[in-house]
2 protein chains.
Amino acid sequence: MASPDTRIVDLKKLQLACEECSLHELCLPLELQHEDIEELDRIIHKRRPLHRGDYLFRMGDPFRALFAVRSGSIKTYTNTDEGEEQVTGFHLPGELVGLDAITEGCHPCAARALETTSVCEIPFERLEEISTHIPGLQRQLLRLMSREILTEQDTMIWLGKKSAEARLAALLLRFSDNYRRRHFSPTEFNLSMSRTDIASYLGLAVETVSRLFTRFQHEGLLEVERKHVRLRDLEGLRRIAGVESCLHNHC
Amino acid sequence: MASPDTRIVDLKKLQLACEECSLHELCLPLELQHEDIEELDRIIHKRRPLHRGDYLFRMGDPFRALFAVRSGSIKTYTNTDEGEEQVTGFHLPGELVGLDAITEGCHPCAARALETTSVCEIPFERLEEISTHIPGLQRQLLRLMSREILTEQDTMIWLGKKSAEARLAALLLRFSDNYRRRHFSPTEFNLSMSRTDIASYLGLAVETVSRLFTRFQHEGLLEVERKHVRLRDLEGLRRIAGVESCLHNHC
DNA sequence: GCATTTTATTGATCCGGATCAATAATTCTG
DNA sequence: CAGAATTATTGATCCGGATCAATAAAATGC
């Protein structure tokens, strides 16, 4: 499995990887000792890049590791009762994939690359071992999972209640934020996923998504040319999305 | 805070509590040593009962502990941008409340008792301390959180895609399952929450929920008299809910 | 126990978004 | 590079569920 992968062997590289893939979520805020970082370094592998359509894992695959997206993007999806694909998430650089598989011991959904994508593999058993003697790492893991729960609660709310335009605006803003955090243009980027994927994730029909893009463009909120979007009115989009993520604002 | 609470002092009582409130989720599957159970026992307190409308915690309260529902029921909710209540979950006996607060250090939503409700309080810092030297307890914590994530993904899917009747049917079946697991009648029980709460949680209008109950009754799926329901056709409800929780079936 | 307030049911109407249908633009594939 | 298959856009129609409105039934307060 891990044979053609490149090991990240030196500290410098790891920190770079951390910056890129937000493994910093896992280690930076802890201010770990050098020897601890080296220990983490020993278990974390950089996988060779996935290409568009490649599986990171399939539904039902045994759960062995978490994955941190370094670059590119991943979609996770499951199948509905009627056998169609139901997208459960888009995972951008800095986000973890696989947190939902810990309980079951196998992946409840499949993960595929939406474009050329590089990920770090974090073998879970090893991570657990290490976390027993690195104070704070365990806590950090729990934090990460808690944050995931919070995010999903948020998503639940807008899927239940928000209008189609609010959902799409919120998604675009999420992408925008991710790019900003990584010091890329928060207003101009490519959508790596198809309209169908977006529709599935947002619980809408493809036609609706397509119409929304057209409408947003007419209203001067953005320019869209196939996969490429340029957000022209972030404030307007925020208004449409509804102040959003209300869960986070009250702490 | 804990002054009027009753400590669970003996093993027998703890095991009873575990049975009741599914702290067995936390400890039983681990087959802990007696001294470990005693250590858990030392930190877990049984709170004195909450009454209808009492807060378990308010939005923004500092996060100190997880709570396991022993009997009764709890609703958690946040506020929408427009200031209305948005129910984020119903928590029945055997379920944990507070998993979404670990990251932030404070509660992103409020929790109130829907009826007379008894909970166990599990101080989180202490739990973390203990879990560092009880192998398996930490793992169990991660499992629990992962399961929560899975459940919410499931919920996301039906909020996005399923019809109003499917949502209500699914909710009723979830209640039914909880009662069955606790050896109560899975077909006859009281809904502790208002129609408004149900509607909010399911992302529907109150009127729709009300109409659905009436329709289900006409179709012979259930009998409903105010808060009391008697499910008459579980199979039919399952069909309506859609095979459901497709996420869990593929492992 | 009566008045007030909250919660639930039922009816009538309206609209957002799904569905059906046709076409256009892209991207595979040989 | 041509033909086939997939993906995206646009239009027309329909329907599930929201909204508005009125009443009924419970819960709550005095």
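By convention in this document, chain letters (A, B, ...) are assigned in the order of the sequence lines, proteins followed by strands, and residues within each chain are numbered from 1.
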Would you please name every residue forming a ring pair (Phe, Tyr, Trp, His ring centres under 6.0 Å) with [X], sequence neighbours left out?
| X | answer |
| --- | --- |
| B:Phe175 | none |
| B:Tyr179 | B:Phe189 |
| B:Phe63 | B:His107, B:Phe124 |
| A:Phe216 | none |

task = Please list residues of residues 189-200 of chain A whose heavy atoms come under 4.0 Å from any atom in DNA chain D, ordered by number; otherwise none.
result = A:Ser194, A:Arg195, A:Thr196
Without decimals, in angstroms, what is the distance between [X] [atom1] and [N] [atom2]?
| X | N | atom1 | atom2 | answer |
| --- | --- | --- | --- | --- |
| A:His218 | D:dT10 | NE2 | C1' | 11 Å |
| A:Leu114 | D:dT7 | CG | P | 13 Å |
| B:Leu212 | C:dT10 | CG | C1' | 13 Å |
| A:Leu202 | C:dG17 | CG | C1' | 13 Å |
| A:Gln217 | D:dT10 | CD | P | 9 Å |
| B:Arg215 | D:dG16 | CZ | P | 9 Å |

ask   = When every nucleotide of nucleotides 18-28 of chain C is labelled 5' to 3' by its protein contacts under 4.0 Å (heavy atoms), B for base, S for sugar-phosphate only, - for none, what sequence of letters results?
value = SBB-----SSS
The criterion is side chain to side chain donor-acceptor pair (under 3.5 Å); which residues satisfy it with [X], sequence neighbours excluded?
| X | value |
| --- | --- |
| A:Thr208 | none |
| A:Thr116 | none |
| B:Arg226 | none |
| B:Glu188 | B:His228, B:Arg230 |

query = Listed by chain and number, what are the side-chain contact (heavy atoms from CB on, under 4.5 Å) partners of A:Glu115, not counting sequence neighbours?
reply = A:Ser73, A:Thr117, A:Ser192
task = May I ask you to establish whether A:Arg182 and A:Phe184 are in a cation-pi arrangement, using a distance under 6.0 Å from NZ or CZ to the six-membered ring centre and at most 45° from the ring axis?
result =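 No, A:Arg182 does not sit over the ring of A:Phe184.
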key: Bend angle of the helix from C:dG1-D:dC30 to C:dG30-D:dC1, from helix axes over five pairs at each end, nearest 10°   = 60°
key: D:dT10 phosphate, OP1 or OP2, under 4.0 Å from A:Ser210 side-chain N/O   =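 No.
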ask   = How do B:Val224 and A:Arg167 order along DNA chain C: which one's closest nucleotide is nearer the 5' end?
value = B:Val224
Residues A:Asp177, A:Arg180: salt bridge by 4.0 Å N-O rule = yes
